[in-house]
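What follows is a single structure, written as structure tokens, with notes after it.
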Amino acid sequence: RLLAVNSLFDSEKIVHNFSHMDEAFLNAPVAKGDGPISELPKGETMELSAGVQNWIKERHVTSLIVLKDGEMVFEDYYLGTQADDLRISWSVAKSFLSALVGILLEEGAIASVDDPVIKYAPSLKGSAYEAASLRNVMQMSSGVVFDEDYLDKNSDINRMGRAIALGGSLDDFAASLKDSFVKPGVEMQYVSIDTHVIGMVVRGATGRTVADLVSEKIIKPLGLEKQPYYLTDGDGVAFVLGGLNLTTRDYARFGLMIAQDGQYGDQKIVPKDWLRASTRVSANTKEGDRKYGYQWWIPAVGANEGEFFAHGVYGQYIYINRPLGVVIASNAADRGFKNEGVGAANIEMMRLITRGL
């Protein structure tokens with residue numbers, strides 16, 4: 001597994017790896033249930049502009065699905081990948097966990113987003129998270145010192161990856177973080193370990209695994225095509241900050257449910273009020289940066305009410321424009337994802353596709 005981590009993003013392996021993460025890492029199934037697969041009705045097929053086609057090639061896009069008013073108007077797969085590939089979410093998984101938190105708040109398992117995380121995760125006492133609330137970690141505003149540079153082999157995020165590969169405990173890893181650069185809630189700084197702490201809160205509040213909860217409360221009601229899985233650490237704990245694997249069609253189903261204010265068919269899955277709060281700007285981001293809510297992103301420039309997205313490294317997206325009825329699910333193996341301007345350009349491409357409808 002350590003070898004797999006060290007070669008995960010190699011140019012000749014990355015496309016295959018991103019659709020076969022279970023070959024290299026510990027994992028746990030997320031039961032999809034025995035219910036019928038929900039329909040994704042096909043609408044009139046849209047034609048992609050030359051600019052979009054060039055973007056697909058340049059950014060090493062592996063799949064692209066576009067929904068308009070609940071109908072699938074575009075679907076294609078690239079670089080040898082297939083429709084039934086289970087594709088790594090990376091940080092798109094964070095938005096699934098956000099939806100789960102909203103459900104648990106409505107059910108009363110979690111009392112308030114202003115509860116301290118140590119109320120549900122007492123093992124974090126004495127760590128840098130001791131003073132943080134659930135709201136703080138939902139907004140990536142814990143103030144915890146954590147280096148998120150994927151391209152630096154010695155960064156915290158890559159140390160964490162090696163800990164997973166070697167069968168370590170992510171709970172222990174989170175509890176080992178002792179340093180803060182600012183008080184919780186003062187400044188948003190994206191650190192993925194905050195999302196693991198959200199998972200610790202969920203597990204502590206319910207006494208259940210995240211995989212079981214996501215299965216029961218989100219995956220089964222959506223009627224997915226193929227059983228997903230989470231990557232896990234050595235304790236069998238789901239890698240909630242980036243380890244969910246689904247087909248692109250099933251990412252699109254989740255995005256459609258979110259776009260419909262938590263409603264899917266005749267079922268209410270996620271509370272509407274929670275989704276509206278989660279997907280509006282609330283974190284204290286720096287001037288000029290893209291904005292953040294509760295594990296959802298909002299474009300930095302020109303965002304309309306109801307325009308937001310989930311984003312994972314190397315080019316994973318669920319883009320939603322609720323007023324225009326558009327959901328775009330895309331996956332990629334883009335080794336240039338951190339180059340200047342790439343992230344903003346990707347969102348502009350989603351907007352270009354939307355205008356093409």
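What you see is a predicted model; the values in this text were computed from it and never measured.
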So that I can tick it off, tell me whether [Y] and [X] are bridged by a salt bridge, with the cut-off set at under 4.0 angstrom between side-chain N and carboxylate O.
X	Y	answer
Asp212	Arg208	no
Arg203	Asp171	yes
Arg276	Asp273	no
Glu106	Lys217	no

More than 12 heavy atoms of other residues, nucleotides or ligands under 6.0 Å from [atom1] of [X]: yes or no?
X	atom1	value
Arg290	CZ	yes
Glu71	CD	yes
Lys178	NZ	yes
Glu47	CD	no
Glu340	CD	no

Exercise. Is there a side-chain hydrogen bond (donor to acceptor under 3.5 Å, both in side chains) between Ser278 and Gln295 once you walk through the steps?
Worked result: CA-CA 7 Å; Ser278 301; Gln295 307 284 291; over 6 Å; no

Exercise. Between Tyr314 and Trp90, how do the two ring planes meet: parallel, tilted or perpendicular, split at 30° and 60°?
Worked result: tilted

Looking only at the side chains, is there a donor atom on one of [X] and [Y] sitting less than 3.5 Å from an acceptor on the other?
X	Y	answer
Ser192	Glu148	yes
Ser142	Asp194	yes
Asp10	Ser7	no
Ser133	Asn136	yes
Arg87	Thr248	yes

Side chain to side chain, [X] and [Y], heavy atoms closer than 4.5 Å:
X	Y	answer
Leu48	Leu64	yes
Val101	Leu134	yes
Phe96	Leu244	yes
Arg159	Arg162	yes
Gln189	Val182	no
Ile353	Met46	yes
Arg249	Glu75	yes
Ser98	Met138	yes

Sub-3.5 Å donor-acceptor pair from the side chain of [X] to the main-chain atoms of [Y], do we have one?
X	Y	result
Thr81	Tyr77	no
Glu225	Asp84	no
Lys94	Leu241	yes
Asn284	Val186	yes

What are the two closest non-hydrogen atoms of [X] and [Y], and how far apart are they?
X	Y	answer
Ser63	Val61	O-CG1, 3.3 Å
Phe18	Ala332	CD2-O, 3.5 Å
Val197	Leu124	CG1-CD1, 3.7 Å
Thr232	Ile164	O-CG2, 3.6 Å
Ala174	Ser127	O-CB, 4.3 Å
Tyr129	Val117	O-CG2, 3.4 Å

For this session: Applying side chain to side chain contact (heavy atoms under 4.5 Å, CB included), run through Ile258 and Phe308 and close with a yes or a no.
Result: CA-CA 10 Å; Ile258 299 296; Phe308 52 92; 3.7 Å; yes

Are [Y] and [X] linked, directly or through intermediate hydrophobic residues, by side-chain heavy-atom contacts shorter than 4.5 Å (ILVMFWY only)?
X	Y	result
Ile88	Leu151	yes
Leu26	Val210	no
Val237	Leu231	no
Leu177	Val145	no
Trp55	Leu352	yes

Problem set entry | Thr247 and Leu86: CA distance, side-chain angles, deciding distance, side chain to side chain contact (heavy atoms under 4.5 Å, CB included) verdict | CA-CA 5 Å; Thr247 68; Leu86 290 170; 4.0 Å; yes

For this session: Decide salt bridge (Lys or Arg N to Asp or Glu O under 4.0 Å) for Lys68 and Glu44; before the verdict, give the C-alpha distance in whole Å, the side-chain angles of both, and the deciding distance to 0.1 Å.
Result: CA-CA 10 Å; Lys68 170 65 174 170; Glu44 183 177 348; over 6 Å; no

For this session: Sort out for me which residue in Tyr251, Phe309, Trp297 forms a side chain to side chain contact (heavy atoms under 4.5 Å, CB included) with Tyr317.
Result: Phe309

Problem set entry | Worked verdict on Thr354 versus Leu324 for side chain to side chain contact (heavy atoms under 4.5 Å, CB included) | CA-CA 8 Å; Thr354 299; Leu324 297 180; 3.7 Å; yes

Exercise. Given Asn154 and Asp147, is the side chain to side chain contact (heavy atoms under 4.5 Å, CB included) satisfied, shown in steps?
Worked result: CA-CA 9 Å; Asn154 295 315; Asp147 182 358; over 6 Å; no

